[in-house]
Structure formats: C-alpha cells, structure tokens
There are 2 protein chains.
Amino acid sequence: MEHVSEKSIERITLYRRILLRLQKAGRESIYSHELARLSGSLPAKVRRDLMSIGYSGTPVHGYKVGVLLESISEFIDRGGKTNVAIVGIGNLGRSIAGYIQGRRSKMDISALFDKDPILVDRVIIGIRCYHIDELAKVVKEKDIQLAIITVPEGEAQAVADVLVSAGIKGILNYAPLKLQTPPDVYIEDRDMIMAVEKVAYYSRNK
Amino acid sequence: MEHVSEKSIERITLYRRILLRLQKAGRESIYSHELARLSGSLPAKVRRDLMSIGYSGTPVHGYKVGVLLESISEFIDRGGKTNVAIVGIGNLGRSIAGYIQGRRSKMDISALFDKDPILVDRVIIGIRCYHIDELAKVVKEKDIQLAIITVPEGEAQAVADVLVSAGIKGILNYAPLKLQTPPDVYIEDRDMIMAVEKVAYYSRNK
DNA sequence: TCATGTGAAGACATTCACAGCA
DNA sequence: TGCTGTGAATGTCTTCACATGA
C-alpha cells in the first residue's frame, strides 16, 4: 500500500459504487474482468488497483464482493465521516446537494451558503442555508473539512480565500477558473466549459 | 503537431479562457510563466503545449495574445461549430445550459430533452425542450454532434443507446455510472460523487 | 483449467537544462 | 539579459506475460 495514483483513486471509488449495486442485486463474488468491463477498465488494471489498496486473502476464484467493499471503504474513508459545505445554491449547488445527500453514508452536507436573502436561513433538502458572510464561522463551528464551490466565476476566488483561511484542506471547484491557493490545499477542478470543449474536440478528431 | 495528449487539450482550453479574459482587459502579450501561474501549471509545460498545437512565429519576448488565441481556436475548433443537445432538464441540465449558452461562440445548444410533460414544448433559456422520445429524430434533423447526459442513473444507459444509434460521436456524461458504448464514441465522465470522494480522500491524506 | 498477483517492459507525460535569439 | 523552443532525462501509469495456487 505505497503510492496510490490519482487515477487509481478515481477508479477505486467507481468500483465501490459498482460493487454496492451488485451487492444489492445479491451478487457474492466477481472476477477482475467483469469489474473491468463495468468500469470501462482492463482486468490487469483492476487487479493492480485492488492490490494497491492492500486487498488480499480471499479465494482465487474471483473477489468476494462483501470483503472487497470493506477493504475499499477502509482505504477510502479511513478516518471517518467528512463534513461538507456547498457554497453557491443555484441550480448546480442544488443538484450536487441532491446527488450526495443520503447516498454516501460517510459524507454529510453540513451547511449551504449563499448571499441571496431569499435563500438565507431557509432549509433546502433538509440542510440549513447560511449567509456567505458566516462562512468562516460556520466552517469552524461545524468542523467542515471539504467545500464545494458553485458560485459564479467572479466570486470564486474570494470564497476560496475565506475557506482556506478557515482551515479547509479540500475544495471541489465548479467555477470555470483556476483558483490560487496554498500548496497544502487539495483542489479538484470540474470546469464544465472545459469538459464540453474537450468532448467537442475528440468527437471531431477521431 | 503530432500527438497531443488529453491533459494538454484540457490545459489548452483553459489557456484560451485565460487569454480571452486578458484580451478583454487590454493585454497584448504574455510570458509562459504568467500563463503557467494563471493556469496552475509550469512554464515548460505551457511552452510544450503551445508548441504541440503548432504555434510559432511571434517575437521572443512573450506570446502575442491575439495571435495565440487564433492559433488555439484554429486547433480546437477546427471544422467549425458544434451543435449540442442536453438530455435531462433538472437542476444540473439547466445549470450546464446556462454556463455554455452565449459564452462559447463555436458551440450552440440546439435542443433540450426531457420526459416531464411540464417541460416538453416549452422554451427554456431560449432553447426548445423536446420529449425524450423524439431524441433520435431531432438529433438528425438539427445535425447535433454532441450530447450531455444529465438524467438519473437508471435512465442514462438507455439514453446513450439511442444517442449512439442516432450517430452521436461525443457524450459528456454526468450520470454516476460508466456507459457501455462502441469504441468510436468518445465519452467523458463527470461523475460528481466520484469527484467529492476524491477530494475527501486527498484532503484527508496530505 | 482459469483467475489472481506481480516483476518487468513499454507507453506516456512532465520536468530539466541549455542553445539560440533579440 | 531574459525569454522561447526543444533534446534528453526523469517520473508516472498502463499493459504484458507468466509463475502460482485451487
């Protein structure tokens, strides 16, 4: 269990979701080539990924779904629950809140933030919305570790600055620009315009 | 201009947006180290990326913003406009429509699709919404080349199947599963649950 | 026989470091 | 002097291919 690459982490979280689906369907074991097909990967890659998280010990004819799920969860969730804040409650913020809330047991959306007076102090999908001026205070009070930024481009950097000064170490950024942050803060960019342009490029040049 | 890597394509689209911003601000030239800082990259990487798209010929003291923008656009948009469909007009679909529409001149959202009777035949953000049963027909009529899937997990594969049979070659998939499609179709997954779990992992292990 | 686990090879991407130019 | 353009080195990820075990 030495260095696990970023791509591996992505695939492992995907395996987990696939395995959860299979488990619900009553499946008890699975081969690497099946997991490869379902995840759009290759058998050798699946085996390496599972090896890299320190999984081992089950019989040779496939992996046991239950044991594998436990290994993955232990590896990914190590250290318990993550408290999440969503900053910017427009269509995108709501959509993300809906996706996450209730689905991932180790992840709790602890607070929403916006500056629109119509939203502030309301409860949306069961989560309280605060004014964005209270960001630093609420982040500390509720021990929030991760923030999702869905505010417009022009406001994103200011939000990131406040989050960083409040001690946040992980940001998922949907604003279409690169945030400037200290190196100990992990930023994942999900720039939607970039995504569309990339697909446009490849669908044209293939 | 041989093989340009996927990562390079992503960065190049980002450079374009940064350069457009600078151009609007009246900036005429830029150094690789500045573009590197603004894009979260490194000077050598920027220079390689620009080299790889066949840019060359401007003076040594930095890149000319205008010329560079033209080179990038020629490389990325080669072949003209892209017609886009968005399938699934919930919060996420609307949000994406809003991000793209009007901002990227070479990209036109030609149709929306949903199965909710309240949405069908309505015009949203200036774009007509069709019933999802008309997908294949409208895709062909309007010469749509790229589709964005924002329907729930359980419906995504069926939508993808229809899109593929209608001749679509590029799909941007926001449903949290891996679509099964022929190899000549380019799929870009933007699984939101994966994104959050990845950030959670790295913010914890750093 | 058929699948796993893994050393080793290969492919790919990043970064260094310096020649060449204005 | 201070930048770009780029060969070469390095680092990272993927894939092969086979020994091993039930």
Side-chain angles (χ1 to χ4, degrees), chain A residues 1-15 19 22 27-69 71-72 75 178 183 198 201-202 205, chain B residues 1-15 19 22 27-69 71-72 75 178 183 189 194 198 201-202 205:
Chain A
M1 204 198 287
E2 286 310 295
H3 255 208
V4 184
S5 79
E6 208 171 314
K7 294 252 179 93
S8 288
I9 300 291
E10 292 188 358
R11 287 191 298 264
I12 289 164
T13 69
L14 180 56
Y15 301 152
L19 291 166
L22 292 172
R27 198 57 186 284
E28 295 203 336
S29 71
I30 188 165
Y31 297 120
S32 62
H33 66 261
E34 286 183 275
L35 207 41
R37 188 179 50 80
L38 291 169
S39 63
S41 183
L42 293 167
K45 219 173 346 183
V46 170
R47 295 200 298 273
R48 261 220 195 274
D49 288 339
L50 298 185
M51 197 183 97
S52 75
I53 67 168
Y55 175 88
S56 82
T58 32
V60 173
H61 282 284
Y63 300 92
K64 294 280 177 207
V65 172
V67 184
L68 189 46
L69 270 170
S71 295
I72 292 179
F75 175 76
K178 194 82 192 175
K198 189 176 165 191
Y201 175 85
Y202 280 106
N205 300 287
Chain B
M1 205 199 290
E2 289 310 297
H3 254 210
V4 184
S5 78
E6 208 171 313
K7 293 253 181 95
S8 287
I9 300 290
E10 292 187 358
R11 286 191 299 263
I12 289 163
T13 69
L14 180 56
Y15 301 152
L19 291 165
L22 291 172
R27 200 54 188 284
E28 295 202 336
S29 70
I30 188 165
Y31 298 121
S32 61
H33 67 260
E34 285 183 276
L35 207 40
R37 187 179 50 79
L38 292 169
S39 63
S41 182
L42 292 168
K45 217 171 352 181
V46 170
R47 296 201 297 274
R48 258 212 200 279
D49 287 339
L50 298 184
M51 198 184 96
S52 75
I53 67 168
Y55 175 89
S56 79
T58 34
V60 173
H61 283 284
Y63 301 91
K64 293 281 176 205
V65 172
V67 184
L68 188 47
L69 269 170
S71 295
I72 292 178
F75 174 77
K178 194 81 191 176
D189 291 299
M194 181 195 285
K198 189 176 163 189
Y201 176 84
Y202 280 107
N205 299 287

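Chain letters run A, B, ... following the sequence lines, proteins first and then strands; every chain starts at 1. Worth saying up front: this structure is predicted, and the values here are computed from it rather than measured. What you see below is based on every heavy atom in this structure, not just the backbone, and it leaves out hydrogens, waters and symmetry mates.
In terms of phosphate contacts, A/Arg47 brings no side-chain nitrogen or oxygen within less than 4.0 Å of OP1 or OP2 of C/dG5. When the side-chain nitrogen and oxygen atoms of B/Tyr63 are compared with OP1 and OP2 of D/dG5, one or more of them lie within a distance under 4.0 Å. Remark: A/Ser32 is in phosphate contact with C/dT4, judged by side-chain N or O atoms under 4.0 Å from OP1 or OP2. Remark: A/Lys45 is not in phosphate contact with D/dC13, judged by side-chain N or O atoms under 4.0 Å from OP1 or OP2.
Computed from coordinates, the A/Glu10 CD to D/dT14 C1' distance equals 15 Å when rounded to whole Å. What separates CD of A/Glu6 from C1' of C/dC12 is a distance of 16 Å, to the nearest Å. Rounded to whole angstrom, the span from the OH atom of B/Tyr31 across to the C1' atom of D/dG2 amounts to 8 Å. In this entry the distance linking CD1 of A/Ile9 with P of D/dT12 reads 15 Å, nearest Å. The nearest whole Å value for the distance from the CD1 atom in A/Ile53 to the P atom in C/dT6 is 13 Å. When rounded to the nearest whole Å, the span between CG of B/Asp49 and C1' of C/dT14 equals 10 Å. One can place CD1 of B/Ile12 at 12 Å from P of C/dA13, the figure rounded to the nearest angstrom. Between B/His33 atom NE2 and C/dT15 atom P there is a gap of 17 Å when expressed in whole angstrom units.
Ion pairing between a basic and an acidic side chain is recognised when a charged N comes within 4.0 Å of a carboxylate O; A/Lys198 and B/Glu10 show such pairing. Ion pair B/Glu6/B/Arg11 not flagged as a salt bridge, since none of the NZ, NE, NH1 or NH2 atoms sits closer than 4.0 Å to an Asp/Glu carboxylate oxygen.
Partners of B/Tyr201 under the ring-ring contact (aromatic ring centres under 6.0 Å, His included) rule, at least two apart in sequence or in another chain, are A/Phe75.
The side chain of B/Arg11 sits closest to C/dT14 out of C/dT14, C/dG5, C/dA17.
Judged by atom type and distance alone, B/Arg48 does not reach the base of C/dT14 through any side-chain donor-acceptor pair under 3.5 Å.
Atom CD1 in A/Ile12 sits 11.5 Å away from atom CG in A/Leu19 (nearest 0.5 Å).
The two residues A/Ser41 and A/Tyr15 make their nearest non-hydrogen contact at OG-OH, 4.1 Å.
A/Leu42 comes within 4.0 angstrom of the backbone, heavy atoms only, and of no base.
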